[in-house]
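Written out below as structure tokens is the structure these notes cover.
Side chains included, hydrogens not; waters and symmetry mates left out as well; all remaining heavy atoms used. Below, chains carry the letters A, B, ... as their sequence lines are ordered, and counting in each starts from 1.
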Protein chains: 2
Amino acid sequence: MAKKYERIADALRQSIRAGQLKPGDRLPAETTLAEQYKTSVPTMRDALGELLAEGLIDKRHGVGNFIREPRPRVERSNQRHQWEKNRARLLESERLKTGSTEHDTGLTVSDLAFKASYREVKADEDLAAVFSVPLGTRLLEREYRTFPREGDAPFSLVCSHLLYDAVSSNPDLLDDSNEPWPGGTQNQLLTVGIELDRIVERITARPPTAEEAEELGLQKGVSVFVLRKICIDTDDRVVEVSDVILPGDVTELVFTTPLDRW
Amino acid sequence: MAKKYERIADALRQSIRAGQLKPGDRLPAETTLAEQYKTSVPTMRDALGELLAEGLIDKRHGVGNFIREPRPRVERSNQRHQWEKNRARLLESERLKTGSTEHDTGLTVSDLAFKASYREVKADEDLAAVFSVPLGTRLLEREYRTFPREGDAPFSLVCSHLLYDAVSSNPDLLDDSNEPWPGGTQNQLLTVGIELDRIVERITARPPTAEEAEELGLQKGVSVFVLRKICIDTDDRVVEVSDVILPGDVTELVFTTPLDRW
DNA sequence: CATGGCAACTCCTAAAGAGGAGTTGAGGAC
DNA sequence: GTCCTCAACTCCTCTTTAGGAGTTGCCATG
């Protein structure tokens, strides 16, 4: 026999799909729902927990449970990388004409807001291995978030590392007051003589840490994408390693692989 | 104050990392653990639930809780697509020499086992839109799983759709007794005059359905990757749409984007 | 010796309830 | 009119308890 909380979750799902419960509606209180479904409150909460993990409802402490607006997924495409590279090759004046507010994380949204902080750190075992440099090598660490709108929860947490000595020749790059980098990361790397050849992205999924869940405003049971973006230049050196955390419930990653070249 | 079950989960995590609990070890019974950590059984179970979702422990009903072997992640790379295409262009005799047992899902494991079933279906709204064909168009549906070893739980559930009329000229392709397709999907598509130009993959994450969790042998709280692979031929037509379910706890997706071409 | 059954152990689902913490809105004080 | 307090309502964490279900191994029976 199916478990009781699963049957209740199914019933609720069906009510949502059938349109009896509309986005924005508040559900009855959990105690009331428990009575309606002839069950206990903890079991009712188990059922709601399923819908929560699926992103069908929002739970708001002290307020109630709400049918969630079917939030459109945010696309993150690797086509952006190519686009970014072409843009980086244009003159500054030409770039201004295109007037895009997008940047190099590949998210297709406008009006991105940033909060950045820069640090000089030493390569730990993990990073030293990826960069193929000795343990303790100086790195520039840039930490930032992207927001759909000012005041909203961020939809990405980014921690990027660059070889310190490779970028320090342009002092602008060491200053976190002018984030995002004008013209994008690729353009700024060009100013220190680095041209990218390819980008390798490794993607895994896991539950968020408590801090990540807090910062991204994630509901319980929702997992995150962990994306490690490795930028390799035309000399086959790793020049940037970015670790990106993306909320799993609203993110769609899109990769296009061309087959007739390389 | 941090929640009690989170503090207990942290303590256990630390014991695992410090090596006091080794892979394969059985934890004390939940009732015993609850006493040790001076808490109730449900709270103890909440703590274990965190470790479960993170893939640090295995719960086995009626047996106990075990520290999990750090299972290596299975890589799925888009480089495979290119490799597959080159291979498809070789003569049959040449291909036999390479002797690889890999196939076109891009998984880097040997000795893949299949269970396949073929069906003729009609395009629903979703598929009709992706293929850009009228609703109800005939499609060949191929459903299969890939296994690391015979007897193990599968690590992918695949449901592939092809335009029926495009492949029916080669009757071998309509027969599910010779899965996997010799030489890979791309090679078989060549036999009906289809050459691929590019592959678009759209990736999302969500909790598994009850059936998916069952089939993939997933522990509670682990999410799955949902990968839709869209193959587009040199005439810009969508010729194959595959929906792939991958376990989130052991899968790593790798995408390489070259920047100097296209 | 081989086999079947049973007991002991495990985790799993479910219930009822107490106290805490966040939110909201009504109503009183100023 | 404005502000503050407080009560009522919400969900959250944790406890205690009960019975069900899966697994294993001992042991009696044949």
Short side-chain donor-acceptor distance under 3.5 Å, [Y] and [X]:
| X | Y | result |
| --- | --- | --- |
| B:E141 | B:S160 | no |
| B:N78 | B:E201 | no |
| A:E30 | A:T32 | no |

Does B:F255 have any ring-ring contact (aromatic ring centres under 6.0 Å, His included) partners at least two apart in sequence or in another chain, and if so, which?
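Partners of B:F255 under the ring-ring contact (aromatic ring centres under 6.0 Å, His included) test: A:F255.
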
Rounded to the nearest Å, what distance is computed from the [atom1] atom of residue [X] to the [atom2] atom of nucleotide [N]?
| X | N | atom1 | atom2 | value |
| --- | --- | --- | --- | --- |
| A:M44 | C:dG17 | CE | P | 18 Å |
| A:E35 | C:dG17 | CD | P | 12 Å |
| B:D46 | C:dC12 | CG | P | 12 Å |
| A:R45 | C:dT13 | CZ | P | 17 Å |
| B:E30 | D:dT16 | CD | P | 16 Å |

Is any side-chain nitrogen or oxygen of [X] closer than 4.0 Å to OP1 or OP2 of [N]?
| X | N | value |
| --- | --- | --- |
| B:K220 | C:dT13 | yes |
| A:K3 | C:dT13 | yes |
| B:T39 | D:dC14 | no |

Applying a 4.0 Å non-hydrogen cut-off, can you work out what A:T31 is touching in the nucleic acid: base, sugar-phosphate, or nothing?
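Counting heavy atoms under 4.0 Å across all strands, no contact is made by A:T31.
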
By nearest nucleotide on DNA chain D, pick out whichever of A:P42 and A:N65 is the more 5' one.
A:N65

Got a salt bridge between A:D10 and A:R17, using NZ or NE/NH1/NH2 to carboxylate O under 4.0 Å?
no

Using a strict 4.0 Å threshold on nitrogen-to-oxygen distance, state whether B:E252 and B:R76 make a salt bridge.
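No, B:E252 and B:R76 are not salt-bridged.
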
Taking for each residue the nucleotide of DNA chain C with the nearest heavy atom, is it A:S40 or A:G62 whose nucleotide lies nearer the 5' end?
A:S40

Which residues pass the salt bridge (charged side-chain N to carboxylate O under 4.0 Å, His left out) test with A:R206, not counting sequence neighbours?
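Here the qualifying residues are A:E212.
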
Side chain of A:K4 only, please: which of C:dT13, D:dT10, C:dA14 is the nearest?
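When the side chain of A:K4 is considered, C:dA14 is the closest of C:dT13, D:dT10, C:dA14.
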
Which nucleotide sits closest to the side chain of B:T43: C:dT10, C:dT23, D:dC14?
D:dC14

Does any residue of residues 47-61 of chain B have a heavy atom under 4.0 Å from DNA chain C, and if so, which ones, in number order?
B:K59, B:R60, B:H61

